[in-house]
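Below you'll find the structure, written out as structure tokens, and then a few comments.
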Amino acid sequence: MKRWGGWFAMIAVVFLAVPAMAAMTVKLGVVTKPGSAQNIAAEKFKALVDERTNGEVTVKVFHSASLGNETEILQQIQMGTVEMGVITSGVFDTFDPIVRVIDYPFLFRDDAQADAVLDGPLGAEILTGLEASGFKGLCFSENGFRNLTNSKRPVRTAADVSGLKIRVMDSALHNAIWQSMGANPTPMPWPIYTELEQGVIDGQENPLWVLEVYRFHEIQKYLTLTRHVYSPHIAVASLSWWNRLAPEMQSLLQTAMKAAAVFQRADNRARDADRLRMLEEEGMQIEKRPDIASFREKTDVMREMNLYQDPRVKSLLARMLA
Ligand code: EAX
């Protein structure tokens with residue numbers, strides 16, 4: 001009897017353990033193509049989850065906007081029809097204005113400062129705040145510091161930007177930044193190659209990897225290292241889905257995504273010098289030391305704008321700028 005009891009207990013343990021590790025497929029959306037910053041984070045996450053669950057959990061990465069643009073991916077995550085996404089911070093501001101404190105112009109000096117803030121309590125406050133919009137914010141990976149490119153003329157000072165038709169993300173903040181600088185911003189979701197190629201827009205702003213992966217050097221002559229916004233990606237999950245996962249699974253996924261983000265940030269940064277060299281060799285005219293003070297002069301008033309007057313947003317921005 002005792003022996004049977006032991007067997008019974010063992011079998012029960014096996015069966016009870018199964019649901020926590022039941023085979024599961026997780027859909028993860030990114031708007032960009034293989035080789036992009038988002039995709040490198042997503043693929044690393046997929047590999048780590050595969051390894052740590054012995055193949056029980058499959059992460060299926062939908063890239064190249066196959067689930068729609070970034071706003072549409074976020075809507076599907078909110079509804080729970082897509083489980084996860086690695087999404088550029090800029091487009092979150094229509095879902096939760098708190099995120100626009102990150103994209104405040106010239107907020108971060110360098111990578112180390114961005115990491116310290118985003119991986120610290122202020123970053124955690126932003127991630128937690130996303131729960132009110134139906135997202136479980138997991139961590140920040142990176143797009144990187146954004147730089148201006150255009151097909152019309154060299155840009156060294158803010159005055160040179162005047163009247164340029166610049167594509168911006170679907171974000172009230174990014175629109176306001178380029179308006180403040182005197183450009184003519186046009187909000188448009190990713191991808192934008194055709195619009196640049198056909199001259200519907202004169203320029204765009206994105207980190208260096210974008211120029212390489214999307215071969216923008218073939219259609220944009222002038223690059224200015226403005227570094228006007230540090231642009232992270234936010235790895236998010238559908239909150240309703242997340243809340244149904246066992247705590248062990250939540251912690252496994254959270255830890256794997258954090259490891260993927262750490263890997264991806266380092267990978268991105270290690271390649272920037274080579275990218276700059278390549279873009280120069282390919283014939284881009286690069287302004288490496290633009291007059292940043294002239295740009296800041298235009299954007300420093302932005303904290304007084306309506307965009308930052310919501311008390312929650314205002315308080316967080318004040319602490320970020322302190
Ligand atoms: O991640 O839309 C954008 O400009 C993003 O930065 C782009 O998808 C690259």
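Along the sequence shown, residues carry numbers from 1.
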Quiz item: Can Arg277 and Asp272 be said to form a salt bridge (Lys or Arg N to Asp or Glu O under 4.0 Å), step by step?
Solution: CA-CA 9 Å; Arg277 208 169 309 127; Asp272 264 357; over 6 Å; no
Quiz prompt | Check against salt bridge (Lys or Arg N to Asp or Glu O under 4.0 Å), Arg271 and Asp274 | solution = CA-CA 6 Å; Arg271 293 199 269 159; Asp274 280 346; over 6 Å; no
Quiz item: Hey, is the main chain of Ala23 close enough, under 3.5 Å, to the side chain of Glu56 for a donor-acceptor pair?
Solution: yes
Quiz item: Which heavy atom of Gly129 sits nearest a heavy atom of Asp96, and at what distance?
Solution: O-OD2, 3.4 Å
Self-check item: Non-hydrogen side-chain atoms of Leu28 and Met257 separated by less than 4.5 Å
Solution: yes
Quiz item: Do the side chains of Val236 and Phe45 join up, straight or via other hydrophobic residues, at under 4.5 Å, putting them in one cluster?
Solution: no
Quiz item: Charged N to carboxylate O below 4.0 Å: is that the case for Arg100 and Asp310?
Solution: no
Quiz item: When clusters are formed by joining ILVMFWY residues with side-chain heavy atoms under 4.5 Å apart, either directly or through shared neighbours, do Trp242 and Leu74 land in the same one?
Solution: no
Quiz item: Does a side chain donor of either Tyr230 or Glu142 reach within less than 3.5 Å of an acceptor in the other side chain?
Solution: yes
Quiz item: Do the non-hydrogen side-chain atoms of Leu67 and Gln76 ever get within less than 4.5 Å of each other?
Solution: yes
Practice problem: Please say which of Leu321, Val117, Val101 ends up in a side-chain contact (heavy atoms from CB on, under 4.5 Å) with Leu107. | Solution: Leu321
Quiz prompt | Donor-acceptor contact below 3.5 Å, side chain Thr157 vs main chain Ala159 | solution = yes
Practice problem: Take Phe106 and Val229 through the test side-chain contact (heavy atoms from CB on, under 4.5 Å) and record every step on the way to the result. | Solution: CA-CA 6 Å; Phe106 304 105; Val229 166; over 6 Å; no
Quiz prompt | Pair Gln113-Asp111, side-chain donor/acceptor within less than 3.5 Å | solution = no
Quiz item: When you check the side-chain N and O atoms of Asp170 and Thr71, is any donor under 3.5 Å from an acceptor?
Solution: no
Quiz item: How about Asn243 and Lys136: do any of their side-chain heavy atoms sit closer than 4.5 Å?
Solution: no
Quiz item: Looking just at side-chain N and O atoms, do Thr32 and Gln38 make a donor-acceptor pair shorter than 3.5 Å?
Solution: yes
Practice problem: Kindly say whether Arg275 contributes a backbone atom to a donor-acceptor pair with the side chain of Glu212 at under 3.5 angstrom? | Solution: no
Self-check item: Gap between atom CD of Gln204 and atom CD1 of Ile219 - 0.5 Å precision
Solution: 8.5 Å
Quiz item: Under 4.5 Å between any side-chain heavy atoms of Asn39 and Lys33, yes or no?
Solution: no
Self-check item: Basic-acidic side-chain contact under 4.0 Å: Lys258, Asp119
Solution: yes
Quiz item: Are Leu316 and Phe140 linked, directly or through other ILVMFWY residues, by side chains that come within less than 4.5 angstrom of each other?
Solution: yes
Exercise. Spell out, as yes or no, whether a donor-acceptor pair under 3.5 Å connects the side chain of Arg167 to the backbone of Met188.
Key: yes
Quiz prompt | Asn306 atom CG, over 12 foreign heavy atoms within 6.0 Å | solution = no
Quiz item: To the nearest 0.5 Å, what is the distance between CZ (Arg303) and CG (Leu317)?
Solution: 6.0 Å
Quiz prompt | Closest contact, heavy atoms only, Ser141 versus Val86 | solution = OG-CG1, 3.7 Å
Quiz item: Shortest non-hydrogen contact from Leu173 to Asp93?
Solution: N-OD2, 3.3 Å
Quiz item: With no hydrogens and no angle check, is any side-chain donor or acceptor of Glu282 less than 3.5 Å from a backbone partner on Glu218?
Solution: no
Practice problem: Determine whether the aromatic ring centres of Tyr308 and Tyr104 lie less than 6.0 Å apart. | Solution: yes
Self-check item: Donor-acceptor under 3.5 Å (Lys46 side chain, Lys60 main chain)
Solution: no
Practice problem: With the side chain counted from C-beta on, respond yes when Met302 and Ile177 share a heavy-atom pair under 4.5 Å apart, and no when they do not. | Solution: yes
Quiz item: Which atoms form the tightest heavy-atom contact between Pro34 and His63, and what is the distance?
Solution: CD-ND1, 3.4 Å
Exercise. List the steps and the verdict of side-chain contact (heavy atoms from CB on, under 4.5 Å) for Ile40 and Lys44.
Key: CA-CA 6 Å; Ile40 288 169; Lys44 185 70 178 179; 5.6 Å; no
Would you be so kind as to tabulate the donor-acceptor pairs closer than 3.5 Å made by side chains of residues 190-203, with sequence neighbours excluded?
residue	atom	partner	partner atom	Å
Trp190	NE1	Tyr214	OH	3.3
Asp202	OD2	Lys165	N	2.8

Quiz item: Counting distance only, does the side-chain N/O of Asn69 pair as donor-acceptor with the main-chain N or O of Glu72 below 3.5 Å?
Solution: yes
Exercise. Considering only NZ, NE, NH1 and NH2 on the basic side and carboxylate oxygens on the acidic side, decide whether Glu125 and Arg319 come within less than 4.0 Å.
Key: yes
Quiz item: Between atom CG of Leu148 and atom CG of Leu223, what is the distance when rounded to the nearest 0.5 Å?
Solution: 8.0 Å
Quiz prompt | Point-to-point distance, once rounded to the nearest 0.5 Å, from NZ of Lys27 to OG1 of Thr58 | solution = 12.5 Å
Quiz item: Between the side chain of Gln254 and the main-chain N/O of Leu138, is any donor-acceptor distance below 3.5 Å?
Solution: yes
Quiz item: Between Ser151 and Lys221, does a side-chain contact (heavy atoms from CB on, under 4.5 Å) hold up when you go through it step by step?
Solution: CA-CA 5 Å; Ser151 58; Lys221 174 82 181 158; 5.6 Å; no
Quiz item: Just by distance, with hydrogens left out, do Ser240 and Ser238 show a side-chain donor and acceptor under 3.5 Å apart?
Solution: yes
Practice problem: With the side chain counted from C-beta on, respond yes when Phe92 and Leu130 share a heavy-atom pair under 4.5 Å apart, and no when they do not. | Solution: yes
Quiz item: Is the charged tip of Lys298 near the ring of Phe295: under 6.0 Å from the six-membered ring centre and within 45° of its axis?
Solution: no
Exercise. Would you indicate whether the side-chain heavy atoms of Arg146 and Thr226 approach each other to under 4.5 Å?
Key: no
Quiz item: Gln285 versus Glu280: any side-chain heavy-atom pair under 4.5 Å?
Solution: no
Practice problem: Please report the closest heavy-atom contact between Asp291 and Ser294, naming both atoms and the distance. | Solution: O-OG, 2.7 Å
Practice problem: Without swapping roles, check the side chain of Glu281 against the backbone of Leu276 for a donor-acceptor pair under 3.5 Å. | Solution: no
Quiz item: Would Asn184 and Trp178 count as having a side-chain donor-acceptor pair, cut-off 3.5 Å?
Solution: no
Quiz item: Gln220 and Thr149: side-chain donor and acceptor closer than 3.5 Å?
Solution: yes
Quiz item: Are Met249 and Ile77 grouped together when hydrophobic residues (ILVMFWY) are joined by side-chain heavy atoms under 4.5 angstrom apart?
Solution: no
Quiz item: Looking only at heavy atoms, which two atoms of Leu225 and Ile286 are closest? And how far apart?
Solution: CG-CG2, 4.3 Å
Practice problem: Considering only NZ, NE, NH1 and NH2 on the basic side and carboxylate oxygens on the acidic side, decide whether Asp160 and Arg153 come within less than 4.0 Å. | Solution: no
Self-check item: Joint hydrophobic cluster, Val161 plus Met169, side-chain heavy atoms closer than 4.5 Å
Solution: yes
Self-check item: Val49/Leu253 under side-chain contact (heavy atoms from CB on, under 4.5 Å): CA gap, chis, key distance, verdict
Solution: CA-CA 7 Å; Val49 170; Leu253 296 176; 3.9 Å; yes
Practice problem: Mark yes or no for whether Trp209, through its side chain, and Asn143, through its backbone, hold a donor-acceptor pair below 3.5 Å. | Solution: yes
